[in-house]
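All chains are named by letter (A, B, ...) in the order of the sequence lines, taking the proteins before the strands, and each is independently numbered beginning at 1. Quick note: numbers below take in every heavy atom, side chains included, and nothing from hydrogens, waters or symmetry partners.
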2 protein chains.
Amino acid sequence: MSQTHLKIGELAKACGVSDQAVRLYERLGLLKPVAKTSKGYRLYDAASVEALRFIKQAQRSGFTLEEIGALLHTDIRDEGACAAVKALLDRKLYALTERLVELQGVKDVLHGLRQACDGEPGPVCPAFLRLCTPHCAVPDPNGARLLHEVNHED
Amino acid sequence: MSQTHLKIGELAKACGVSDQAVRLYERLGLLKPVAKTSKGYRLYDAASVEALRFIKQAQRSGFTLEEIGALLHTDIRDEGACAAVKALLDRKLYALTERLVELQGVKDVLHGLRQACDGEPGPVCPAFLRLCTPHCAVPDPNGARLLHEVNHED
DNA sequence: CTTGAGCTTGTACCTGGGTATAAGCCTTAA
DNA sequence: TTAAGGCTTATACCCAGGTACAAGCTCAAG
C-alpha cells in the first residue's frame, strides 16, 4: 500500500489552489476524489494532480469551469458528444487566435507608449494621456465603491 | 453651435456599451461628461468617444477598471506619478508577454488535441480525455449552482 | 491523552463588472 | 397635447469564481 493517496490539502498544495477551491470544483462536477476514507476524508492520486493542473491550465486559457466540465463529461464513445468537443476546441482555438492578435497589438501600443514616456522629459508625458485629460473624473467618494485606495495620497 | 455633443445613449451606442456602464465608469472616476444641460443631462463629445473606446480596449487588454482609473488620474506634471505610470506600463507589458507565451502554448496544445481528435475515429477520442475519465464527477444536482444546463440530455 | 492541525458540511460573504428595475422628469414627433 | 422614448437617481440583483467562518469530527505527535 504505497502512499500514492493524497488528502485534499496535499492535493491543493501540490497544485497551488485552496482546498476550498478543490471542493468547489467537485461540487461543479470537475474533479471527483478517487476514494473516501471510512471517515469521509477525500482521497486523491497522482492523476488527480494532473487533472487539477489541467483544470487550472484550461482556466487560464480562457475556458470557463462550465466548459471544462463539459469537456470532462464528454462520453468518449458518443460520436455526437465527441463532435461537440471538437466544436468547442475549434471555437476556443479561434477565440484564442483572435485574442493573441489583439494582445499582441496592445503590447505594441503599450511598448510605444512606454518609449514615448521615456523619450520626452517634458511637462506632457505619454501621448495617450491626452485622451484622458478632459475626461478623467474626480475620485467621487460618493458612489465609488471601487477605486477606494487608488490615490490615497490625498 | 454645431451638434458635436452626444447624449449618454448616443455615446454608449457609438462605443457598443450600455448607458448604465457609462454611468458606472463615471462613478468610478473614468469618464466625466464634458458638460451637463440645465436639466442634468450628461453631454459628451468626440473625444469622449475616443476615451470610452480606449477604456474598453484597455479593459480587453487586461487592465482592470481600477488600473485604467489610475492611469487616467495621473497628474501629468507630477514626476512621481509619471514614474508610477511607467511602472504600471512595465508591469502590464511583462504580464502581457507572459500571457502571450502561455496562450501560444495552450493554442499549440489545443491544436494538437484537435488534430488527434480528427485522426483517430476509434472508441477513445482525444488523448487528454484520459485525464478526466477517472475523475469527472456526476453532475451532482445537489450543490451544483453552476453547470445546470451543461448536459441536459440526462 | 491532550492539543493542534487538518478534515467534514454548510452557509455567508466578497470582488469585478456589470444588468435590472423603480419612480420620476424631459423631449420630441404626431 | 399627449404618448413614447430617453434621461435622471437610487437600489437591488446577477454571474463567475472563489474565500471566510462556524461547528464539529479525526488524526498524529509529544
I need a per-nucleotide contact map over nucleotides 22-30 of chain C, read 5' to 3'. Cutoff is protein heavy atoms under 4.0 Å; write B for the base, S for backbone only, - otherwise.
----BS---
At 4.0 Å (heavy atoms only), tell me whether B:Lys36 reaches a base, stays on the sugar-phosphate, or touches nothing.
sugar-phosphate
At under 4.0 Å between heavy atoms, what does B:Lys13 touch on the DNA or RNA strands: base, sugar-phosphate, or nothing?
nothing
So CG of B:Leu43 and CD1 of B:Ile8: to nearest 0.5 Å the spacing works out to 10.5 Å
Between D:dA16 atom P and A:Gln59 atom CD, what is the distance in whole Å?
13 Å
Is it true that B:Leu24 and B:Phe54 fall in one hydrophobic cluster, defined by side-chain heavy atoms closer than 4.5 Å?
yes
Of the candidates D:dT8, D:dG17, C:dT8, the side chain of A:Ile8 sits closest to C:dT8
Please, which pairs that meet salt bridge (charged side-chain N to carboxylate O under 4.0 Å, His left out) have at least one residue in residues 8-24 of chain A, sequence neighbours excluded?
A:Asp19-A:Arg23
Between C:dT21 atom P and B:Arg23 atom CZ, what is the distance in whole Å?
15 Å
Keeping the roles fixed (side chain from B:Arg53, backbone from B:Ala14), state whether a donor-acceptor pair exists under 3.5 Å.
yes
Rounding to a whole Å, what distance do you find between B:Leu52:CG and C:dG18:P?
10 Å
Side-chain N or O of B:Tyr25 less than 4.0 angstrom from OP1 or OP2 on C:dG18?
yes
What's A:Arg42 touching, base or sugar-phosphate or nothing? Going by heavy atoms closer than 4.0 Å.
sugar-phosphate
B:Tyr44 pairs by side chain to side chain contact (heavy atoms under 4.5 Å, CB included) with which of B:Val22, B:Val49, B:Leu52?
B:Val22
Any sub-3.5 Å donor-acceptor pair from A:Arg42's side-chain atoms to A:Thr37's backbone N or O?
no
State whether B:Thr64 places a side-chain N or O below 4.0 Å from either non-bridging phosphate oxygen (OP1 or OP2) of C:dG16.
no
